Amino acid sequence: MKRISIRAFVGIGALGAMAHVLMMLNFPLPPFPNFLLVDFSDIPALIAALLYGPLAGVAVELLKNVLNYVFVGSATGVPVGQIANFTAGVAFLLPVSHIYRKAASKKGLLLGLAAGTVTMALVMSVLNYYVFLPAYTLFLGAPQMSAPEAKALVVSAILPFNAVKGAMAAIVFQLLFWRLRAWLEKQAASRQAA
């Protein structure tokens, strides 16, 4: 039991560091505002969730965002962006992990990735409207957005951005997952046997 815990701990740490590096390789998508950045840092968290369970995926999301705040910082001085990234990552990976564990097949993975994308887009739309956009304006000392302005930004930019980001992550994850599936299953089997 101790060996498994150490293996999981090391795996989560390595995947968290990998996710941190991928988070720094972010880029904007031209049709969206420049503050909305795409990165593929949720992929190591998904791998951790499928290897060690959903809490491991959440731990990878937490680790990458703590590392990002420590090494990159935040324009607001408060980790609003990191908290938003953590929330988006968790909203994405939990449905994927849950559905794939129930139906470990290509169809189960596709359904999980679709559910994760939709969940992330909806959760982030609501949280941006009520929490993250007001927090950014508060900590940056900018004028508060009116409700119609915030709603227009959420509907025209944040919702479609998160849907596109989730779809991009889903495509990249599928390409990696099917190449790594035999290794992941072997790791899961050795963890259960030990």
Side-chain angles (χ1 to χ4, degrees), residues 7-8 10-32 36-65 67-68 81-82 84-128 157-192:
R7 176 186 280 181
V10 170
I12 290 167
L15 289 165
M18 187 184 307
H20 167 62
V21 170
L22 289 171
M23 189 175 180
M24 292 193 313
L25 301 174
N26 57 37
F27 56 93
L29 286 178
F32 300 108
L36 296 173
L37 301 171
V38 173
D39 64 66
F40 295 105
S41 63
D42 294 328
I43 292 171
L46 278 174
I47 291 170
L50 296 182
L51 259 181
Y52 307 114
L55 290 179
V58 172
V60 169
E61 290 287 347
L62 180 64
L63 179 59
K64 78 167 179 179
N65 281 289
L67 289 171
N68 185 266
Q82 287 86 0
N85 184 282
F86 172 78
T87 306
V90 170
F92 182 64
L93 77 85
L94 288 180
V96 178
S97 175
H98 177 74
I99 292 171
Y100 187 72
R101 285 180 177 271
K102 297 278 184 197
S105 64
K106 197 170 203 170
K107 184 178 177 182
L109 183 62
L110 285 171
L111 184 60
L113 289 167
T117 299
V118 169
T119 302
M120 177 178 66
L122 293 175
V123 165
M124 292 312 293
S125 295
V126 171
L127 288 178
N128 268 286
I158 292 170
L159 177 65
F161 169 80
N162 281 303
V164 169
K165 178 183 173 184
M168 290 173 68
I171 290 167
V172 172
F173 180 73
Q174 282 186 83
L175 294 173
L176 285 173
F177 180 78
W178 296 117
R179 293 183 184 272
L180 295 174
R181 186 176 184 190
W183 178 80
L184 290 170
E185 288 173 352
K186 182 180 173 186
Q187 295 300 311
S190 69
R191 192 178 80 240
Q192 291 172 354

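What you see below is based on every heavy atom in this structure, not just the backbone, and it leaves out hydrogens, waters and symmetry mates. Worth saying up front: this structure is predicted, and the values here are computed from it rather than measured.
- Within the 4.5 Å cutoff, the side chain of M168 has heavy atoms near those of the L29 side chain.
- With sequence neighbours excluded, the residues forming a side-chain contact (heavy atoms from CB on, under 4.5 Å) with L63 are L67, listed by chain and number.
- Counting heavy atoms from C-beta outward, L46 and L113 have side chains that approach closer than 4.5 Å.
- Just one of H20, E61, K64 meets the side-chain hydrogen bond (donor to acceptor under 3.5 Å, both in side chains) condition when paired with S41; it is K64.
- Contact of the D42 side chain with the F173 side chain is not registered, since no non-hydrogen atoms from C-beta on lie closer than 4.5 Å.
- M124 is not listed as a side-chain neighbour of F161, based on a closest heavy-atom distance of 4.5 Å or more.
- The CG atom of L127 lies 11.0 Å from the CG atom of L122; values are rounded to the nearest 0.5 Å.
- The side-chain heavy atoms of F32 and V164, taken from C-beta on, include a pair separated by under 4.5 Å.
- Here CD1 of I171 is found 7.5 Å from CD of Q174. Values are rounded to the nearest 0.5 Å.
- The OG1 atom of T87 sits 8.5 Å away from the CG atom of N65 when rounded to the nearest 0.5 Å.
- The aromatic rings of Y100 and F177 sit perpendicular to each other, their planes meeting at more than 60°, with 30° as the lower class boundary.
- Between L15 and Y52, the shortest heavy-atom distance links the atoms CD1-CE1, 4.5 Å.
- Scanning all heavy atoms of the two residues, the minimum distance from A163 to A121 falls at N-CB, 4.0 Å.
- T119 places a side-chain N or O within donor-acceptor distance of the main-chain N or O of A115, the cut-off being under 3.5 Å.
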For the pair V123 and V90, evaluate side chain to side chain contact (heavy atoms under 4.5 Å, CB included) and give the outcome as yes or no after the intermediate values. CA-CA 10 Å; V123 165; V90 170; over 6 Å; no
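- Of the possible polar contacts, one joining the N162 side chain to the I158 backbone as a donor-acceptor pair under 3.5 Å is found.
- Between L93 and P54, the shortest heavy-atom contact is CD1-O, 4.1 Å.
- Using a 4.5 Å cut-off on side-chain heavy atoms (C-beta onward), F27 and L37 make no contact.
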T117 and V96: CA distance, side-chain angles, deciding distance, side chain to side chain contact (heavy atoms under 4.5 Å, CB included) verdict: CA-CA 9 Å; T117 299; V96 178; over 6 Å; no
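- For the residue pair V60 and A48, the shortest heavy atom distance occurs at CG2-CB, 3.6 Å.
- For the pair R101 and L50, the tightest heavy-atom approach, listed with the atom from each and the gap, is NH2-O, 3.8 Å.
- Here NZ of K106 is found 15.0 Å from CG of L111. Values are rounded to the nearest 0.5 Å.
- Here the CG-CG distance, from D39 to N85, works out to 5.5 Å after rounding to the nearest 0.5 Å.
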